[in-house]
Asks: 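Can you keep this structure in mind? I'll have questions shortly.
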2 protein chains.
Amino acid sequence: MTTTEPTRCNLTALRKATRRVSQLYDALLAPSGLRGTQRGILVHVARSGAPTMSELAAALVLDRTALNHNLKPLQRDGLVTVTVDKDDRRSRLVRLTKRGEARLAETRTAWQQAQERFETAFGAKQAADLRQTLELVASLEFGEAPVPSRALK
Amino acid sequence: MTTTEPTRCNLTALRKATRRVSQLYDALLAPSGLRGTQRGILVHVARSGAPTMSELAAALVLDRTALNHNLKPLQRDGLVTVTVDKDDRRSRLVRLTKRGEARLAETRTAWQQAQERFETAFGAKQAADLRQTLELVASLEFGEAPVPSRALK
DNA sequence: CCCAAATACGTGCATATGCATCTATTGCAA
DNA sequence: TTGCAATAGATGCATATGCACGTATTTGGG
């Protein structure tokens, strides 16, 4: 074990933990052809039915333009479709295809193995507590940030 | 507040929280020309003196090839140097330059503001607890993963 | 002494992410 | 009815990340 000085930076601590866990999940998911992040998108779309890009981005705490980028390989591989919302033609609806549903089903076992591997090492109760804490962090509003042009417009 | 179903996936929960906190730190650090991730690298190099690429990657829980990529803009901007280790010419040593030290000093105030903003919203005690938990997660060893070729070689 | 295995990197490729800036569409006040 | 502000995306650019595969160097057994 490397005896490193404890991390003082909240962001650095989050990124280190996320990389560690990404490495585990992506290794186990690799045979399915999906990454952990891609699976997360598909799961949310499956649960929501046909969310708009904005809804999906908000739910995943993703920048909308980043979501657009992330959806490209999923569209290319025929796992999702992105279509214009007839009620509001500014909006786009994201839907899972049959192929996407099948792929998602295929990954369930590998995902469960990753969850079990993590929770065996870390503790199931601690893992549930951590998820709850992280959801809280993800939903924090930090008051007025310095003017991101998007927020002000 | 979006009433979303709680996240079951440990990785998805980590990524959402990390994105949220990245957005805060990067917004506050932006005027300094550094991102939160870059600052994290510089801080560790500053503390370690002249770590090897492998040491630095391990400390940051980064793939070594990813670290190589991440160092490129820092080298381009003259904030770090990467030189051959005379004792073992396979290894490379990463050092901060004077310019890098100055840049790091310049970011301290913005970084402290980001820390304060986060800890005001989340709680200072909770933030310290979370960092400790995340360090634990980052240091987890998950036993035998399915054969990453690097690990076996 | 030699050579193969091991170690420590670098590059390429592809995904992950977010800001700046643009276009298209909607809603509402004048 | 019109026009402007607001909204919802798309693209480009650059950084963040990790695997596959390559080169360079070291180590130690035969």
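Residue numbering restarts at 1 for every chain, and letters A, B, ... go by the order of the sequence lines.
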Asks: Mind calculating the distance between CG (Leu11(B)) and P (dG18(D)) to the nearest angstrom?
Replies: 11 Å
Asks: Which residues pass the side-chain hydrogen bond (donor to acceptor under 3.5 Å, both in side chains) test with Arg108(B), sequence neighbours left out?
Replies: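 Listed in chain order: nothing, the list is empty.
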Asks: List the residues meeting side-chain hydrogen bond (donor to acceptor under 3.5 Å, both in side chains) with Lys98(A), not counting sequence neighbours, and say none if there are none.
Replies: none
Asks: In whole angstroms, how far is the P atom of dA14(D) from the NE2 atom of His69(B)?
Replies: 17 Å
Asks: Listed in order of residue number, which residues of residues 86-101 of chain A have a non-hydrogen atom at under 4.0 Å from DNA chain C?
Replies: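 Residues of residues 86-101 of chain A under 4.0 Å from DNA chain C: Asp88(A), Arg89(A), Arg90(A).
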Asks: Between dC9(C) and Arg64(B), is there an OP1 or OP2 to side-chain N/O distance shorter than 4.0 Å?
Replies: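 Answer is no, no contact under 4.0 Å.
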Asks: Would you indicate whether Glu106(A), at its atom CD, is surrounded by more than 12 heavy atoms from other residues, nucleotides or ligands within a distance under 6.0 Å?
Replies: yes
Asks: Who pairs with Arg8(B) by salt bridge (charged side-chain N to carboxylate O under 4.0 Å, His left out), at least two apart in sequence or on another chain?
Replies: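 Checked Arg8(B) against salt bridge (charged side-chain N to carboxylate O under 4.0 Å, His left out); matches are Glu5(B).
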Asks: May I ask you to evaluate whether Asn70(B) reaches the phosphate of dT17(D), defined as a side-chain N or O under 4.0 Å from OP1 or OP2?
Replies: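 Result: yes.
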Asks: Closest to the Thr65(A) side chain: dG18(D), dT17(C), dT11(D)?
Replies: dT11(D)
Asks: When the distance from CD1 of Ile41(A) to P of dT15(C) is rounded to whole Å, what number comes out?
Replies: 12 Å
Asks: Taking only distance into account, with no hydrogens and no angle test, what donor-acceptor pairs under 3.5 Å do side-chain atoms of residues 27-40 of chain B form with protein atoms, sequence neighbours excluded?
Replies:
residue	atom	partner	partner atom	Å
Ser32(B)	OG	Leu29(B)	O	2.6
Ser32(B)	OG	Leu34(B)	N	3.3
Gln38(B)	OE1	Arg35(B)	N	3.0
Arg39(B)	NE	Thr107(B)	OG1	2.8

Asks: Pick the closest DNA chain C nucleotide for Thr18(B) and for Glu55(B) by heavy atoms, then say which residue is nearer the 5' end.
Replies: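 Final value for this comparison: Glu55(B).
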Asks: If I take atom CG in residue Leu67(B) and atom C1' in nucleotide dA16(D), what distance separates them, rounded to the nearest angstrom?
Replies: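 The distance from CG of Leu67(B) to C1' of dA16(D) comes to 12 Å, rounded to the nearest Å.
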Asks: Taking only side-chain nitrogens and oxygens of Lys72(B), does any of them come within less than 4.0 Å of OP1 or OP2 of dT11(C)?
Replies: yes
Asks: Output all residues satisfying side-chain contact (heavy atoms from CB on, under 4.5 Å) with Glu55(A), sequence neighbours left out; order by chain, then residue number.
Replies: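 Glu55(A): side-chain contact (heavy atoms from CB on, under 4.5 Å) contacts with Pro51(A), Thr52(A).
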Asks: Could you pick out which residue, Ser54(A) or Pro73(B), lies toward the 5' side of DNA chain D when each is mapped onto its nearest nucleotide?
Replies: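 The residue closer to the strand's 5' end, by nearest nucleotide, is Ser54(A).
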Asks: Of Gln38(B) and Met53(A), whose nearest nucleotide on DNA chain D comes first from the 5' end?
Replies: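 Nearest nucleotide further toward 5': that of Met53(A).
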Asks: Mind listing the residues from residues 103-116 of chain A sitting with a heavy atom below 4.0 Å of DNA chain C? Number order is fine.
Replies: none
Asks: Return the value, rounded to whole Å, for the distance between atom CG of Leu34(B) and atom C1' of dA14(D).
Replies: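 Between C1' of dA14(D) and CG of Leu34(B): 14 Å.
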Asks: Report the residues that fulfil side-chain contact (heavy atoms from CB on, under 4.5 Å) with Thr7(A), sequence neighbours left out, ordered by chain and then residue number.
Replies: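 Cys9(A), Thr12(A), Ala13(A), Lys16(A), Glu135(B).
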Asks: With no hydrogens and no angle check, do the side chains of Asn10(B) and Glu119(A) hold a donor and an acceptor under 3.5 Å apart?
Replies: yes
Asks: Please enumerate all residues that pass salt bridge (charged side-chain N to carboxylate O under 4.0 Å, His left out) together with Arg19(B), with sequence neighbours excluded.
Replies: none
Asks: Answer yes or no: is there a side-chain heavy-atom contact under 4.5 Å between Leu11(A) and Leu24(B)?
Replies: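 The answer is no; the side chains never approach within 4.5 Å.
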Asks: For Arg35(B) and dT17(C), give me the distance from atom CZ to atom P, rounded to whole Å.
Replies: 14 Å
Asks: Using atom CG of Leu14(B) as one end and atom P of dT17(C) as the other, report the distance to the nearest whole Å.
Replies: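 It is 12 Å, rounded to the nearest whole Å.
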Asks: Of the nucleotides dC19(C), dT11(C), dT17(C), which has the atom closest to the Asp63(A) side chain?
Replies: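 Among the listed nucleotides, the one closest to the side chain of Asp63(A) is dC19(C).
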Asks: Taking OP1 and OP2 of dA14(C), is either one under 4.0 Å from a side-chain nitrogen or oxygen of Arg76(A)?
Replies: no
Asks: Could you pull out every donor-acceptor pair under 3.5 Å between side chains of residues 72-87 of chain A and any protein atom, sequence neighbours left out?
Replies:
residue	atom	partner	partner atom	Å
Thr83(A)	OG1	Arg95(A)	NH1	3.1
Asp85(A)	OD1	Asp87(A)	N	3.0

Asks: Check the interface with nucleotides 2-4 of chain D: list each N/O to N/O pair with the protein under 3.5 Å, or write none.
Replies:
none

Asks: Please enumerate all residues that pass salt bridge (charged side-chain N to carboxylate O under 4.0 Å, His left out) together with Arg90(B), with sequence neighbours excluded.
Replies: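 Per chain and number, Arg90(B) pairs via salt bridge (charged side-chain N to carboxylate O under 4.0 Å, His left out) with Asp88(B).
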Asks: Less than 4.0 angstrom between a side-chain N/O of Arg15(A) and OP1 or OP2 of dT17(D), yes or no?
Replies: yes
Asks: Which residue in the set Ile41(B), Asp63(B), Leu60(B) passes side-chain contact (heavy atoms from CB on, under 4.5 Å) when paired with Asn70(B)?
Replies: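 It is Ile41(B), the one option of Ile41(B), Asp63(B), Leu60(B) that forms the side-chain contact (heavy atoms from CB on, under 4.5 Å) with Asn70(B).
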Asks: In whole angstrom, give the distance that lies between atom CG of Leu29(B) and atom P of dG18(C).
Replies: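 About 15 Å, once rounded to whole Å.
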